[in-house]
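Numbering of ligands and ligand atoms starts at 1, following listing order. The first residue in the sequence is number 1, and the count goes up from there.
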Amino acid sequence: MSKQDNSPSPSSKLIAELPPLGMQASDLTNDFLRHLSSTLGGLYNSKSQHDLYKALASILRERLIERWNQSQLAYEQQGCKRVHYLSLEFLMGRALSNAMLNLGITDEVERALYELGLRIEELCEVEPDAGLGNGGLGRLAACFLDSCATLQLPVTGYGLRYQYGMFRQYIADGSQVEAPDHWLRDGNMWELERMEFTQRVQFGGRSESYQDANGLQRMRWVETQDVLAVPYDTPIPGFQNETVNTLRLWKAAATEEFDLGEFNAGSYPEAVAQKNAAEHITMVLYPNDASENGKELRLRQQYFLASASIKDVLRDWEERHGSDFSGFAEHNCFQLNDTHPSVSVAELMRQLMDDKLLAWDEAWAITTATMAYTNHTLLPEALETWPVRLFEVLLPRLLEIVYEINGRFLSEVAQHWPSDTMRLQRMSIIEEGHERQIRMAYLALVGSFSVNGVAALHTQLLQEGLFSDFYELWPEKFNNKTNGVTPRRWLANCNPQLRACIDKTIGTSWVANLPQLAELRPCADDAEFRAGWAAVKRNNKVRLAQLVQQDCGVTFDPDALFDVQVKRIHEYKRQLLNILHAIHLYNRIKAGDTENWTKRCVLIGGKAAPGYAMAKRIIKLINNVAYVVNNDPDVGDLLKVAFLPNYRVSAMEIICPGTDLSEQISTAGKEASGTGNMKFMMNGAITIGTLDGANIEIREEVGDENFFLFGLTADEVKVRACNYDPNGIIAADPDFARVMEMLECGHFSQFEAGIFDWIVSTIRNPGDMWMTAADFRSYVDAQERVAEAYRDQERWTRMSILNTASSGRFSTDRTIGEYNRDIWKSNPIAPAPRQQA
Ligand code: 26Q
């Protein structure tokens, strides 16, 4: 294939000469009214909130698109190195207020709307969350996109356009009920369909060899059932820098053959059913945050993303370089967000060899110079595997390639460790056994030039444990990239009052340079500054209390300590330990042990995977404890407990600014990093936590005196597992014994006898992997130190300021800077300045 003509078309030249859209309030008012009356039709007065939202989104969208064109043009012209972030999840949340902030027109929009008698906040509420992710991993991808655009790096996010995102959670009789999240029902203002870049993805069929025109043996994949991948692009604006990057999400659609062939064959209903099956691929996000193994549809999703995205990248390459792939690796990098897209390793090999006619060695050199893998879990049971049998049927050509990769890899291992058959078995990409499995993490490890963990401890534990054989073989591949969060959404946008307070003191440039927050440190000693800081926190607590009142029907007193744990419900995250502490406080109140009491409001929120029975039972326990505590007149406002239903990105934007105490209490060695911990810290909450994940680095930054540490270390957990005696621990601790007695006597299950027996026996089980009992005393003591610290409000506020001031390291700007420096090695590119209006 020859190089194509890439000179701009006549219309694109004319477009480039259009005057830029105005950014003043008057321009915005005009454009807003124009959209309302013409684009959306009808008269302004008859418009619903939803139409007003659409009009506002429209004026932002057109301004984003202007900058989008310029940015993409600059990337093309510079021939820079492109990065492709492959992820099954992008947990974007809402886009509207983020677009205003990053375009730098929040104040002007506010003025424009004020003139029309409208309020931004009300219109923002209309937008549904884009909930295309489970939790940390998906939200990390979203924060990364924000930072890549802010750093002006040519990074594209590739994912799936699920019609149903993360389920909506309701609570009925204290238990989780799931409802579908049809987030696209009223349309999506932020996406553009790009039909012209549709790709075809193959499934099924068989692989055959043939001789090409030059007499060479080649392989091809034939008799496949194909599905179309239609891309939808979302603009990703950088922070006030004119750059707009792309998130490209694929939607599955049936090919035309369905319409022609199958339909004419006479079996109309069956043909419609098959068409449906094709489109099912992107119907729904899997709501598990630990792998649910073996589901065919999930493998279809993974391959669909991998194949469509790689085809898109190769198409773009060929348009600019023709069929010469010699410079490809120098100009491209794929970052794999966990193993979910790791079939990409084999798929890139397949496309390079079967479609682009490269030899194995050339293709392998390109693959292993472009693929990079990020691991997000330490739980061995969460490592993804796929039955060989499933690959055989669904992806036969890919299986051949995986076998070949494995064969060559194992001979390298055998050379390194002659006659170490145990090691060969341990390291093989194929796990032998009753049902042979493909170990996706090993495929990613073998096919990538970089492997990273997401916090210092996590990376260290990967090297010493899960991946130690691979670390021994290729130590140079391993590196750490401690997670972060974007300070645009997670401080500037969600906490406008704290933002104003910081701006007034150290100026505004911290938003794109978070370590500058350190300049706030001296202010911790300034009584006037503290008073202002405390007033902001209190206002944010009032706002959070309103949410809790509305969604839980529980009254939180803004002067009480707001003690918050929001995250996916998981045994290793130990929401159970939190609720045991709440029961302990309840017992103290009932026993009259309330001298020097600190009023406390405990808020817990999070979704359980629908198939995770224990997690669901823990939700039930939290709700039952809340019911008993909140309705006991002896308790009054000394203690409140609430479970917040349907935890999501937009809820966290209200929760983290209003939190005093951040619960990060996982069993040490189990939480890869955590990112909620960083959002809370940035907003001036103080952490109670174990030495796990990024907690360790948070404590290092803020200092031990501003962090409530408790619990066993990861090493101690490992040692203790061998002789763990929870029953002994309970018997020796009267407070703990009393808590267990309350659970065992049915105090929280009055009309539901025995429902918590399972939880009780888990806590008492010497095989309890999460060691809840081991950390109970240490946790309760730490909570007592928290209560004491909170009684001294000046001290607490000082700690709060120091937490925000020390959070500079946890910006994804730092994280992405490191990814780019160590892995991607791309360069920032600024779009050409546009002519002035
Ligand atoms: C896999 C196969 C089939 C179905 C679902 C899955 C699946 C989906 C999502 C497995 C895992 C996830 C998500 C994992 C996750 O969110 N991990 C978290 O990643 C964060 C970002 O690095 C870390 O901060 C957290 O510590 C980690 O738990």
Exercise. Go through the steps for E392 and R389 under the test salt bridge (Lys or Arg N to Asp or Glu O under 4.0 Å), then give the verdict.
Key: CA-CA 5 Å; E392 234 155 36; R389 175 189 43 79; over 6 Å; no
Quiz prompt | Output field: ring centroids Y85/F144 closer than 6.0 Å | solution = yes
Quiz item: Side chain, backbone, both or neither: which part of E384 comes within less than 4.0 Å of ligand 1 when only heavy atoms are counted?
Solution: side chain
Self-check item: Nearest-option assignment for atom 23 (C) of ligand 1, heavy atoms, candidates G676, G135, G674
Solution: G674
Practice problem: Starting from atom 25 (C) of ligand 1, locate the nearest protein heavy atom and write down its residue, its atom name and how far away it is, to 0.1 Å. | Solution: E671 OE1, 3.4 Å
Self-check item: Centroid-centroid distance, F478 to F470, less than 6.0 Å
Solution: no
Self-check item: Numbered atoms and elements of ligand 1 in range of A672, under 4.0 angstrom, heavy atoms
Solution: 26 (O)
Self-check item: Proximity flag T377 to ligand 1, non-hydrogen atoms under 4.0 Å
Solution: no
Quiz prompt | Heavy-atom pair of closest approach, residues D813 and L151 | solution = O-CD1, 3.6 Å
Exercise. Please state which part of H376 comes within less than 4.0 Å of ligand 1, counting heavy atoms only: side chain, backbone, both or neither.
Key: both
Practice problem: Keeping the roles fixed (side chain from D768, backbone from I763), state whether a donor-acceptor pair exists under 3.5 Å. | Solution: no
Self-check item: Cation over ring face, R248 and Y158, 6.0 Å, 45°
Solution: no
Quiz item: Would you call R94-D129 a salt bridge at under 4.0 Å N-O?
Solution: yes
Quiz item: Tell me: protein heavy atom nearest atom 1 (C) of ligand 1, and distance?
Solution: S291 CA, 3.3 Å
Exercise. Just let me know how A455 lines up against ligand 1, side chain, backbone, both or neither, with a heavy-atom cut-off below 4.0 Å.
Key: neither
Quiz item: Q302 to ligand 1: N or O pair under 3.5 Å?
Solution: no
Practice problem: Just let me know how N483 lines up against ligand 1, side chain, backbone, both or neither, with a heavy-atom cut-off below 4.0 Å. | Solution: side chain
Exercise. Is it possible for you to check whether K607 lies under 6.0 Å from the centre of the six-membered ring of F167, through NZ or CZ, and within 45° of that ring's axis?
Key: yes
Exercise. Identify, for atom 13 (C) of ligand 1, the protein heavy atom at the shortest distance, and state residue, atom and that distance.
Key: D289 O, 3.6 Å
Quiz item: Within 45° of the axis and under 6.0 Å from the centre of the six-membered ring of F203, does NZ or CZ of R300 qualify?
Solution: yes
Quiz item: Under 4.0 angstrom from ligand 1, any heavy atom of A290?
Solution: yes
Quiz prompt | SB check E464 K718 (cutoff 4.0 Å) | solution = no
Quiz item: Can D704 and R699 be counted as an ion pair, charged N to O under 4.0 angstrom?
Solution: yes
Quiz prompt | Residue part near ligand 1, for N288, under 4.0 Å between non-hydrogen atoms | solution = both
Quiz item: ligand 1 versus R568, non-hydrogen atoms closer than 4.0 Å: side chain, backbone, both, neither?
Solution: neither
Quiz item: If you measure from atom 15 (C) of ligand 1 to every heavy atom of N375, L88, L137, which option wins on shortest distance?
Solution: L137
Quiz prompt | Per-atom contacts, ligand 1 versus E89 - under 4.0 Å to a heavy atom | solution = 8 (C), 9 (C)
Practice problem: Give a yes/no verdict on whether any heavy atom in Y572 is under 4.0 Å from an atom of ligand 1. | Solution: yes
Quiz prompt | Distance from atom 10 (C) of ligand 1 to nearest protein heavy atom, with residue and atom | solution = H340 NE2, 3.5 Å
Practice problem: Evaluate salt bridge (Lys or Arg N to Asp or Glu O under 4.0 Å) for R426 paired with E431, printing each intermediate quantity in order. | Solution: CA-CA 8 Å; R426 280 204 312 268; E431 178 184 298; over 6 Å; no
Quiz item: In the protein, what heavy atom is nearest to atom 6 (C) of ligand 1, and what distance, to one decimal place, separates them?
Solution: R298 NH2, 3.5 Å
